[in-house]
Amino acid sequence: MKRDSRLSGVLHVLLHMAQQPGPFTSETMAKAMDTNPVVIRRVMAGLRELGYVRSEKGHGGGWTLACDLSKVTLRDIYIALGSPSLLAMGNRTEAPGCLVEQTVNAALDRTFDDAEALLLARFGEVTLAMLVDDLRKRLGSRKHQGMCAHHT
């Protein structure tokens, strides 16, 4: 099963935006994320509707941040993406009348629900500003090593 990396990708783009003055074009972001500009525009449009980014058309236009990063959490961005499934595992459903399957599925459902609640709670504790602060610390240590953000 392919992992859904949209949250990671959007956070990546938002952190780049937080580090650079001025707008980013969909094409620039798409190149950095190795995807199509249409995909970027679709995701960014959803973030724009919620007030996290804004866009300007024309020469010199593009996407810019429109929010206070200390007030936007990972959970906010996760919800803006449509709350994709957090867990790749699921229940067996081949024999819904089987009492063993029902017992196993009930236990797994409770466990999955608990795990998702914990993960979402943690997402709600981490702001974009916290990520920016961590990035700045990492960039500071890399500068001493003569490396940029995208190189190890």
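Because the structure is predicted, anything quoted here is derived from the model rather than measured.
- Met29 has its side chain within reach of Met44: a pair of non-hydrogen atoms, C-beta onward, lies under 4.5 Å apart.
- Between Arg6 and Pro84 the shortest side-chain heavy-atom distance falls below 4.5 Å.
- Between Lys31 and Thr28 the shortest side-chain heavy-atom distance does not fall below 4.5 Å.
- Scored by the salt bridge (charged side-chain N to carboxylate O under 4.0 Å, His left out) test, Arg48 finds no partners at all (sequence neighbours excluded).
- Nearest heavy atom pair, residue Glu125 against residue Met130, reads O-SD, 3.4 Å.
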Going through the distances and angles, do Val126 and Thr73 end up as a side-chain contact (heavy atoms from CB on, under 4.5 Å)? CA-CA 5 Å; Val126 179; Thr73 67; over 6 Å; no
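- For the side chain to side chain contact (heavy atoms under 4.5 Å, CB included) test, residues two or more places apart in sequence or in another chain that qualify with Leu86 are Tyr78, Glu116, Leu119, Leu120, Phe123.
- With contacts defined as side-chain heavy-atom distances shorter than 4.5 Å, the pair Thr127/Val72 does not qualify.
- Side chains of Asn91 and Val104 form no contact here, defined as non-hydrogen atoms less than 4.5 Å apart.
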Please determine whether salt bridge (Lys or Arg N to Asp or Glu O under 4.0 Å) holds for the pair Arg138 and Asp134, giving the CA-CA distance in whole Å, both sets of side-chain angles, and the decisive distance to 0.1 Å. CA-CA 6 Å; Arg138 292 170 188 267; Asp134 184 45; 2.8 Å; yes
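- A donor-acceptor contact shorter than 3.5 Å links the side chain of Asn105 to the backbone of Arg92.
- For Asp114, the CG atom sits in a packed shell: over 12 heavy atoms of surrounding residues, nucleotides or ligands are nearer than 6.0 Å.
- Note that CG of Leu81 is 6.5 Å distant from CG of Leu47, once rounded to the nearest 0.5 Å.
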Evaluate side-chain contact (heavy atoms from CB on, under 4.5 Å) for Leu11 paired with Leu128, printing each intermediate quantity in order. CA-CA 8 Å; Leu11 293 171; Leu128 295 183; 3.5 Å; yes
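- In terms of hydrophobic clustering, with Ile, Leu, Val, Met, Phe, Trp and Tyr side chains grouped at heavy-atom distances under 4.5 Å, Val10 and Val38 are assigned to different clusters.
- For Gln102, the CD atom counts as densely surrounded, since its 6.0 Å shell holds more than 12 non-hydrogen atoms of other residues, nucleotides or ligands.
- The shortest heavy-atom contact between Met17 and Val53 is CE-CG1, 4.1 Å.
- Between Glu27 and Arg41 the shortest side-chain heavy-atom distance falls below 4.5 Å.
- To the nearest 0.5 Å, atoms CG (Leu7) and CZ (Arg75) are separated by 12.5 Å.
- Here the side chains of Arg136 and Gln19 are in contact, with some heavy-atom distance below 4.5 Å.
- Distance CG/Leu50 to CG/Asp76: 9.0 Å, rounded to 0.5 Å.
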Can you give each donor-acceptor pair under 3.5 Å made by side-chain atoms of residues 61-69, sequence neighbours left out, with the distance rounded to 0.1 Å?
{"unit_1": "Trp63", "atom_1": "NE1", "unit_2": "Ser26", "atom_2": "OG", "d": "2.9"}
{"unit_1": "Asp68", "atom_1": "OD1", "unit_2": "Ser70", "atom_2": "N", "d": "2.9"}
{"unit_1": "Asp68", "atom_1": "OD1", "unit_2": "Ser70", "atom_2": "OG", "d": "2.6"}
{"unit_1": "Asp68", "atom_1": "OD2", "unit_2": "Ser70", "atom_2": "OG", "d": "3.3"}

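- Minimum interatomic distance between Gly60 and Pro23 (heavy atoms only, all atoms of both residues): O-CG, 3.1 Å.
- No donor-acceptor distance shorter than 3.5 angstrom exists from the side chain of Ser5 to the backbone of Ser8, with no hydrogens or angles considered.
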